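Have a look at the structure below before the remarks.
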Amino acid sequence: MRWSQTFVPTLKETPAEAEIVSHQLLLRAGLVRKLSGGLYTFLPLGLRSLKKVEAIVRAEMDRAGGIEVLMPALQPPEIWHQSGRYQTMVDALYKLKDRAGKEWVLGPTHEEVITQLVANEFNSYRQFPRNFYQIQLKFRDEIRPRFGLMRAKEFIMKDAYSFDVSDEAAMASYRRMYEAYTRIFARCGLRTFPVEADTGVIGGNYSHEFMVPAETGENDVAYCESGKYAANVEKAVSRGPLLPTPVVSSGATPEKFPTPGVVTIEALSKAPYQIPAFQQIKTLVYRIDSGIALILVRGDDHLNEPKLISQLGSNAVRPATSEEIFASLAAHPGSLGAVSGVPAAVPVFADLALQGACGMVTGANEDGNHYRHVDIARDIRVTKWLDLRTVQAGEHCVETDLPLKIRRAIEVGHVFKLGTKYSEKLNATYLSEDGQRHPVVMGCYGIGITRTLQAVIEQCQDKDGIRWPLSVAPYEVCLTPLSVAPQSPAWQLAEQVYRDLELAGIQVILDDRDERPGVKFKDSELAGFPVRLAIGEKSLAKGEVELKPRGGTLEVVKVEDAVRRVVEWVTTERAKYVI
RNA sequence: CGGGACGUGGCUCAGCCUGGUAGAGCGCUUGGUUUGGGACCAAGAUGUCGCAGGUUCAAAUCCUGUCGUCCCGACCA
């Protein structure tokens, strides 16, 4: 491709709208342009990289036994009602009406569609296992689209769904996808690590996320340096808080004391009260399926909402409003507690770290008052003990006892073992050998294609621009003649080299613009082509050209060796991404 | 949805506080000089200052509303 024949609108300055480096580079290197918040047009270079990521994903999915299909983006809401997710995913669903007034939804994901297909087309155990996948646009009504392609209203996703006749077979499918994912990201030149994950509204009981370590990520991951444990903090566990919960009772009974104006754990921990946070019980009020519930965690802990949701098996979980709280406890946030004044119908869920806690301080369910000398076993009616706390950095790993670290990461892939949640609801069943009907056991596997593309940029860049891994670079080689005058030796050689490289199957972009060398060099570095071959009059006079790998050292090459050397360089580099 | 910031030429931004005929750099056009790291000189074009109301003799500037963009938060009771 000739630079002048495509469209590469590079930007010298950083657009004000982009905060993180990968978003800035997407715009500066002329890969995408924004239509509106969370909606982007892919320009030629961006599209080429996108297609390369897709091709890698497709190749590995096919290799892992996937069958490619393409499902509708527009879907009837009925199947969403059937699966029950019309309720649980309402916030993320884009809905629209046709001229007859009938409602439709834009698919945020395709479990319902594929499960219905399997329900209709498959009947016998002989027809499994199957793994269907597609690369499709997804639509999600994001609360706040941000960071360019990272969290967008519309994005491209590879989603795959496995169907098996047994749990063991489903597990094998899951492992096959897990391995495929490892290969996919490696081939994209991305360093990722898998972590145990919460399953969220997708459902299921076993799940890993593939994470790209990055400060700009939207996930926190707890991990052990041994490599033996890593989990999303939404799911992570540890040996418990570093400061042990006091468990020796003084024998004293709960005593009310005035705390006017004190509504935070922090205020109680300061003068004149001086009650350390770990000796306090934090009382939270949630609205769950069955009504109001009290949640107790230690004062220095944070409730982990995903843990709460997954353990209650509750769909609609949210913090209670101030009014709801007052209606059921007759006190306002800041003075809440579970010692007294809790209606019998209100369940109390307490975090395991509070088991046996003694001498604790908690709200009295009376504004401006707290209790001290609270022994939880004696003084609080706990309905159920659950793991509800969020792991904190430094706590000990359950596998190795080493201190856990926490870092930010970008989620680029997610594999789930779904079980029979969808197959039961949408009637995807099969007849087994003994003539019995069983629900199909499912798994689902997603990769954010557009997000992966941006994650590559986030991970592969320097002060000059993008440093594409060869496997996903828009072009492998940037051919840079420093003169484009038709009769100049540099230009004539460039034309020749260009033809030869294309014939050799190298993806090359010829910078045929009549620009000064500085402009061409800067643009080629910004756009991040893996290697540049510069042809200038000065070195040409010595019979030489210059090979400059992006981020590497310059190599002087004899004119007659130029094509061979570039082919060799690219071939060597390509081999690094073959797995 | 709550909080904050910002909307001025294609891009980055100044001007707003203290109202008085809209600016700079980059980019663009033309001509010339340059030609190995985002050139230089000269001449030019490009704005209903996001939009709608209001205050005022006069609004980019003050007020109200609205739309858009970005950031933070949305468990810390």
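By convention in this document, chain letters (A, B, ...) are assigned in the order of the sequence lines, proteins followed by strands, and residues within each chain are numbered from 1. Only a predicted model underlies this, so the values are computations on that prediction, with no experimental measurement involved.
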Round to a whole Å and report the spacing from [atom1] of [X] to [atom2] of [N].
X: Arg151(A); N: C70(B); atom1: CZ; atom2: C1'; result: 16 Å
X: Leu39(A); N: U69(B); atom1: CG; atom2: C1'; result: 13 Å
X: Ile20(A); N: C70(B); atom1: CD1; atom2: C1'; result: 13 Å
X: Glu215(A); N: C72(B); atom1: CD; atom2: P; result: 13 Å
X: Glu19(A); N: U69(B); atom1: CD; atom2: P; result: 16 Å
X: Glu17(A); N: G50(B); atom1: CD; atom2: C1'; result: 15 Å
X: Lys522(A); N: A39(B); atom1: NZ; atom2: P; result: 10 Å
X: Phe521(A); N: A39(B); atom1: CZ; atom2: P; result: 12 Å

Under-3.5 Å N/O pairs linking protein and nucleotides 23-27 of chain B:
from: G25(B); atom 1: N2; to: Glu13(A); atom 2: OE1; distance (Å): 3.0

Extract from the structure each pairing of a protein N or O with an N or O of nucleotides 73-75 of chain B at less than 3.5 Å, listing the distance.
from: C75(B); atom 1: O4'; to: Tyr286(A); atom 2: OH; distance (Å): 3.0
from: C75(B); atom 1: O2; to: Leu303(A); atom 2: N; distance (Å): 3.1
from: C75(B); atom 1: O2; to: Leu303(A); atom 2: O; distance (Å): 3.4
from: C75(B); atom 1: N3; to: Leu303(A); atom 2: O; distance (Å): 2.4
from: C75(B); atom 1: N4; to: Leu303(A); atom 2: O; distance (Å): 3.2

Any N/O donor-acceptor pair, [X] side-chain to [N] base, under 3.5 Å:
X: Glu515(A); N: G38(B); value: no
X: Ser36(A); N: G68(B); value: no
X: Arg513(A); N: G38(B); value: no

Roughly how far apart, to the nearest Å, are [N] and [M] at atom [atom1]?
N: A43(B); M: G4(B); atom1: C1'; result: 45 Å
N: C17(B); M: C63(B); atom1: P; result: 9 Å
N: U61(B); M: A42(B); atom1: P; result: 35 Å
N: U18(B); M: U56(B); atom1: C1'; result: 16 Å
N: G36(B); M: C67(B); atom1: C1'; result: 49 Å

Can you tell me the Watson-Crick or wobble partner of [N], both distances under 3.5 angstrom?
N: C1(B); result: G73(B)
N: U18(B); result: none
N: G27(B); result: none
N: A39(B); result: U33(B)
N: C51(B); result: G65(B)
N: A45(B); result: none

Pairs involving [range], ordered by first then second residue, that meet salt bridge (Lys or Arg N to Asp or Glu O under 4.0 Å) (sequence neighbours left out):
range: residues 255-265 of chain A; value: Glu255(A)-Arg372(A), Lys256(A)-Glu366(A)
range: residues 266-282 of chain A; value: Glu266(A)-Lys270(A)
range: residues 3-19 of chain A; value: Glu17(A)-Lys34(A)
range: residues 323-334 of chain A; value: Arg318(A)-Glu324(A)

Any idea which of [options] is nearest the [X] side chain?
X: Glu546(A); options: A77(B), G38(B), G36(B); result: G36(B)
X: Tyr40(A); options: C71(B), G36(B), C70(B); result: C70(B)
X: Lys34(A); options: U12(B), U69(B), G38(B); result: U69(B)

For [X], report the nucleic acid contact type (base, sugar-phosphate, nothing); a contact means any heavy atom under 4.0 Å.
X: Pro333(A); result: base
X: Phe147(A); result: sugar-phosphate
X: Val285(A); result: base

All side-chain hydrogen bond (donor to acceptor under 3.5 Å, both in side chains) counterparts of [X], not counting sequence neighbours:
X: Glu218(A); value: Arg146(A), Arg151(A)
X: Gln24(A); value: none
X: Ser483(A); value: Ser488(A)
X: Lys405(A); value: Glu225(A)

Item to complete: Apply the test salt bridge (Lys or Arg N to Asp or Glu O under 4.0 Å) to residues Lys235(A) and Asp198(A): give CA-CA distance (whole Å), side-chain angles for both, the deciding distance (0.1 Å), then the verdict.
Response: CA-CA 5 Å; Lys235(A) 159 109 184 175; Asp198(A) 181 62; over 6 Å; no
Discussion item. Near RNA chain B, counting only heavy atoms under 4.0 Å, which residues of residues 354-381 of chain A show up?
Written reply: none
Worksheet item: Does Arg516(A) or Thr283(A) map to a spot on RNA chain B nearer the 5' end, using the closest nucleotide for each?
Response: Arg516(A)
Fill in: Tyr223(A): partners by ring-ring contact (aromatic ring centres under 6.0 Å, His included), with sequence neighbours left out
none
